[in-house]
Amino acid sequence: MGTQVKDVVIKPEAPNTLLLDKHADYIAAYGSKKDDYEYTLSEYLRMSGIYWGLTVMDLMGQLSRMNREEIIEFIKSCQHDCGGISASTGHDPHLLYTLSAVQILSLYDSINVIDVDKVVDYVKGLQQEDGSFAGDKWGEIDTRFSFCAVATLALLGKLDVINMDKAVGFVLSCMNFDGGFGCRPGSESHAGQIYCCTGFLSITGQLHKVNADLLGWWLCERQLPSGGLNGRPEKLPDVCYSWWVLASLKIIGRIHWIDKAKLRSFILACQDEETGGFADRPGDMVSSLWNCHIQFCICIYILHVISLGLAILYTELIILCGTFLPVLYISIQVDPFHTLFGVAGLSLLGDEQIKPVNPVFCMPEDVLQRIGLQPDLLN
Amino acid sequence: MHGRVKVKSTAQQEEEKRKEREKKLKAFVSARDAVLRKRSAGEHDEEALQLTQQLLSSNPDFATLWNYRREVLLQLETSREKDEVQKLYESELHFIEACLKVNPKSYGCWHHRSWVNTRLPQPDWTRELGLCDRCLSLDERNFHCWDYRRVVVKESGVSVEQELQFTDRLIGSNFSNYSSWHYRSTLLPQLHPQPAPDSASNTSPSPTASPQIHSHRVCEEQLLKAEREEMISCVYVSRERERVSVAFSKPVHLCDLPPGSVSDISNEHNLTVHWTEKYTHRDCALYTGCAESWCRDSATDQELFRSELSVEKSSVLQAELQSCNQLLELEPQNKWCLLTIILLMRALDPLGHEKETLAHFQTLKEVDPMRSSYYSDLCSKFLIENTILKMEYAEVRVFSLSNKNLTTLCHLDQLLLVTHINLSSNQLLRLPPQFAMLQCLEVLEADDNAIESLEGLYHLPKLEEVSLRNNRILFSKQSKCFIRNPFSAFRASAWFDLVSRSQYSSLINSYRLCRIMEGQQI
């Protein structure tokens with residue numbers, strides 16, 4: 001009854017050393033070409049994009065290469081009358097980008113360039129009767145927003161303004177049979193939500209409510225034969241889960257339950273040696289899924305060609321090479337999101353070339369020490 | 001951002017691609033600017049709907065556009081009759097469905113659909129359920145769709161039984177069915193509000209159908225139910241030490257015990273400890289002439305480490321164990337099988353199956369080496385549980401678990417009464433702060449481990465003999481290590497800096513019973 005495991009295969013030529021300088025160059029240059037397609041289309045999350053870029057640069061000791069003044073002005077222009085902060089100018093405020101903005105200003109030790117009291121009011125105003133938090137005035141409920149709310153308030157030293165008991169009660173009501181957490185009560189466990197909920201419980205001092213053995217097992221089962229981590233059962237590995245899963249394991253004191261060496265190899269394989277940056281999966285590889293698919297296609301095509309007669313076989317083969325070979329050498333696009341989480345994951349694994357990262361806030365530990373925030377972790 | 005592919009191609013193809021992207025970008029930017037201009041001008045009209053429709057179809061994560069659309073729809077509502085409003089929002093649902101075809105995983109899309117249903121004068125929940133069915137048939141793991149389905153089911157009053165049947169169908173037809181099993185885990189408790197021990201036969205899937213889920217459910221049943229209630233594990237009173245020690249099964253916030261005295265040797269003292277938050281208490285009587293007394297639940301009677309089994313449930317689990325063993329004969333390297341067998345054996349007879357359990361753990365570590373730390377920790381936990389049970393059966397206060405590959409310590413709240421503990425020849429890295437619960441501990445043997453610090457030894461009032469040879473107790477200029485205990489013979493009259501070996505030998509000589517420093521591997 002061997003079940004086919006969804007996974008990737010890392011080629012032996014994949015990168016196996018950490019190319020920090022290339023990543024720093026990639027991030028420093030990202031967004032400078034403002035007419036870039038991906039860059040423009042991702043404007044709706046720009047504030048988070050800036051947070052990802054700055055955090056990874058700080059972790060690599062390269063924060064000074066970023067344009068502090070420009071970013072601070074940008075953030076100021078994104079605070080709305082209600083106190084909330086938007087992803088970019090002209091966009092609407094949201095908890096997600098309010099947190100990102102507060103994180104950026106914490107990195108820069110410039111929290112007072114915005115109206116802090118109004119941010120606090122905005123966050124407080126999003127708490128619902130049942131303790132949950134909406135993302136904005138349009139009412140979407142998600143445990144991600146519970147995390148955003150307490151993380152924002154913790155960074156501002158204002159956790160006391162919300163109804164803590166109800167907030168905790170709501171998050172705990174999202175705990176599932178497998179020890180994990182989902183978006184809302186009844187939602188399936190997902191590594192991203194688990195990160196948010198364990199982070200939430202850490203900030204609110206309620207980690208003892210987690211079933212660490214059960215959840216730790218679910219989390220360590222995310223590790224696939226390639227060494228990479230997926231986000232839930234029977235999904236492909238992705239370098240961002242090196243963060244969501246790993247940080248969660250660190251928070252609940254079970255990080256030793258995964259194979260660190262294998263994970264490190266996977267993360268390093270996700271680097272792009274040409275452009276710098278990390279992609280979600282190792283590049284220049286043919287995944288086991290792709291492998292089967294392509295081999296199948298080629299077989300069918302060859303059978304078809306043979307049936308047409310050997311005379312045209314030669315020309316057909318040329319076309320075959322022209323169309324299929326590029327597909328064989330697939331590589332995956334890098335982006336700042338996966339770059340941050342690849343580097344942060346390596347930091348959690350103990351890489352000494354990278355600054356220690358805080359598993360709850362995904363910010364450099366020295367920044368949190370400066371603020372005076374040391375959330376509990378289980379041991 | 002996920003699953004995007006960079007395809008290497010010829011220079012000509014690169015140029016063509018670049019030109020096309022530039023065109024696309026221009027179109028996007030001009031549409032976006034037009035929309036934002038309109039919104040700044042406060043225009044909430046049909047044109048706004050058209051412009052946002054264009055953009056949202058291929059950029060459904062552009063949340064601000066959904067917000068604008070909602071503002072427009074709310075505005076249009078005010079000037080329309082009920083049946084027109086119905087049509088307005090029905091066509092909105094049509095539009096959302098088109099977006100979902102392009103991107104079935106957009107938070108913005110699904111939330112907007114939920115919102116539309118709150119504005120529809122007459123929502124059609126049957127249609128919505130149909131949408132969920134179709135969506136899940138394309139991707140059974142789409143959690144957005146499952147979450148939406150839960151809303152639809154709630155609003156439309158679909159029965160739990162119907163939904164269970166729905167999951168039955170999906171589970172039967174698709175191997176990647178974790179989402180369905182998860183849904184079942186939330187539905188079954190609605191059918192059986194009281195914990196129903198005999199529903200095991202309904203819930204437990206066959207081991208061949210879904211290996212992960214099977215182990216999960218067994219694991220969940222064991223680990224979750226074995227999660228002990230919050231209670232006062234033990235109350236211990238010592239007349240000579242004038243101490244009352246209270247052990248709780250779960251972490252609690254510190255509180256102050258009221259002052260009092262139990263030193264008077266001729267009197268009987270009756271103590272009651274109330275845990276007001278949990279409406280529970282424990283009594284303890286200290287009789288005349290007795291130096292100490294205690295009160296605790298029997299670990300064996302209370303089934304502290306596993307749930308109580310009715311005869312029916314026992315036989316169900318026994319049958320499960322049999323079929324798993326049969327499967328193991330066919331597939332001796334099947335990790336899910338091994339793990340399930342271990343958990344079933346724990347549930348049925350932890351002491352009786354101990355040897356087999358250890359053997360299976362060894363196989364598990366070979367078959368699934370990435371998770372060997374997990375298996376080691378889990379095995380350690382089970383060994384500790386068994387030792388606690390054996391200790392109780394033997395009615396002794398000695399806890400001995402040496403040379404058992406222990407990697408972690410747990411259930412320390414159950415060791416309050418232990419006077420002697422032997423953890424030698426294991427793989428422990430530390431004696432955690434919770435070690436302080438061993439308030440009656442007199443002798444500690446933990447030679448031949450990998451212990452790095454002595455933090456666990458503080459606050460042990462009766463500790464007299466310590467042996468920690470061949471560990472990894474670190475000493476450096478920075479590390480101050482102190483063992484300072486005014487209550488017992490084990491005294492260190494001064495703080496000492498562990499800077500060099502020569503300093504210990506004088507220490508070792510002066511503390512006859514202290515064999516800490518020998519053989520530390522730095």
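Computation of the quantities below employed the complete heavy-atom set of this structure, encompassing side-chain atoms and omitting hydrogens, waters and symmetry-equivalent molecules. Letters A, B, ... mirror the listed sequences (proteins, then strands); counts begin at 1. What you see is a predicted model, and the numbers here were worked out from it, not measured in a lab.
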**Message:** Please check: side-chain N/O of His112(B) versus main-chain N/O of Arg69(B), any donor-acceptor pairing under 3.5 Å?
**Reply:**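 No, because the side chain of His112(B) does not come within donor-acceptor range (under 3.5 Å) of the backbone of Arg69(B).
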**Asked** Hey, what's the ring geometry for His94(A) with Phe145(A), parallel, tilted or perpendicular (30° and 60° as the breaks)?
**Response**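 His94(A) vs Phe145(A) ring planes: perpendicular.
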**Asked** Quick one: side-chain contact (heavy atoms from CB on, under 4.5 Å) partners of Ser265(A), sequence neighbours excluded?
**Response**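 Here no residue qualifies.
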**For Ser114(B), side-chain contact (heavy atoms from CB on, under 4.5 Å) partners two or more places apart** =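 Only Tyr148(B) meet the side-chain contact (heavy atoms from CB on, under 4.5 Å) criterion with Ser114(B).
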**Message:** Given heavy-atom pairs under 4.5 angstrom as the criterion, report whether the side chain, backbone, both or neither of Lys260(A) touches chain B.
**Reply:**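 Neither part.
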**Message:** Can you tell me which portion of Leu224(A) sits under 4.5 Å from chain B's heavy atoms? Options are side chain, backbone, both or neither.
**Reply:**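 The backbone, not the side chain.
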At a heavy-atom distance under 4.5 Å, which candidate from [options] has the highest pair count against chain B?
| options | value |
| --- | --- |
| His256(A), Arg232(A), Glu38(A) | Arg232(A) |
| Lys235(A), Glu140(A), Arg184(A), His190(A) | Glu140(A) |
| His208(A), Lys262(A), Gln223(A) | Gln223(A) |

Considering only heavy atoms, which portion of [X] lies under 4.5 Å from any heavy atom of chain A: side chain, backbone, both, or neither?
| X | result |
| --- | --- |
| Gln333(B) | neither |
| Thr186(B) | side chain |
| Asn67(B) | both |
| Tyr375(B) | side chain |
| Arg141(B) | both |
| Phe28(B) | side chain |

**Asked** With a 4.0 Å cut-off, would you call Arg18(B) and Glu22(B) a salt bridge?
**Response**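 Yes, this pair counts.
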**Request:** Using a cut-off of under 4.5 Å on heavy-atom pairs, state which of Gln434(B), Arg371(B), Arg430(B), Arg39(B) scores highest against chain A.
**Result:**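 Looking at each option in turn, the highest pair count goes to Arg371(B).
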**Request:** Identify which of Phe143(B), Tyr107(B), Phe62(B) forms the greatest number of heavy-atom pairs closer than 4.5 Å to chain A.
**Result:**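 Looking at each option in turn, the highest pair count goes to Tyr107(B).
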**Charged tip of Arg281(A) within 45° of Phe266(A) ring normal and under 6.0 Å** =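 Here Arg281(A) fails the 6.0 Å and 45° test against Phe266(A).
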**Request:** Determine whether the side chains of His338(A) and Asp238(A) contain a donor N or O and an acceptor N or O closer than 3.5 Å.
**Result:**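 Result is yes, a qualifying pair exists.
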**Request:** Rounded to the nearest 0.5 Å, what's the gap from NZ on Lys365(B) to OG on Ser376(B)? Could you check?
**Result:**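 The NZ atom of Lys365(B) sits 3.0 Å away from the OG atom of Ser376(B).
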**Item:** Pair Trp181(B) and Phe177(A), ring centroids less than 6.0 Å apart
**Value:**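 No, too far apart.
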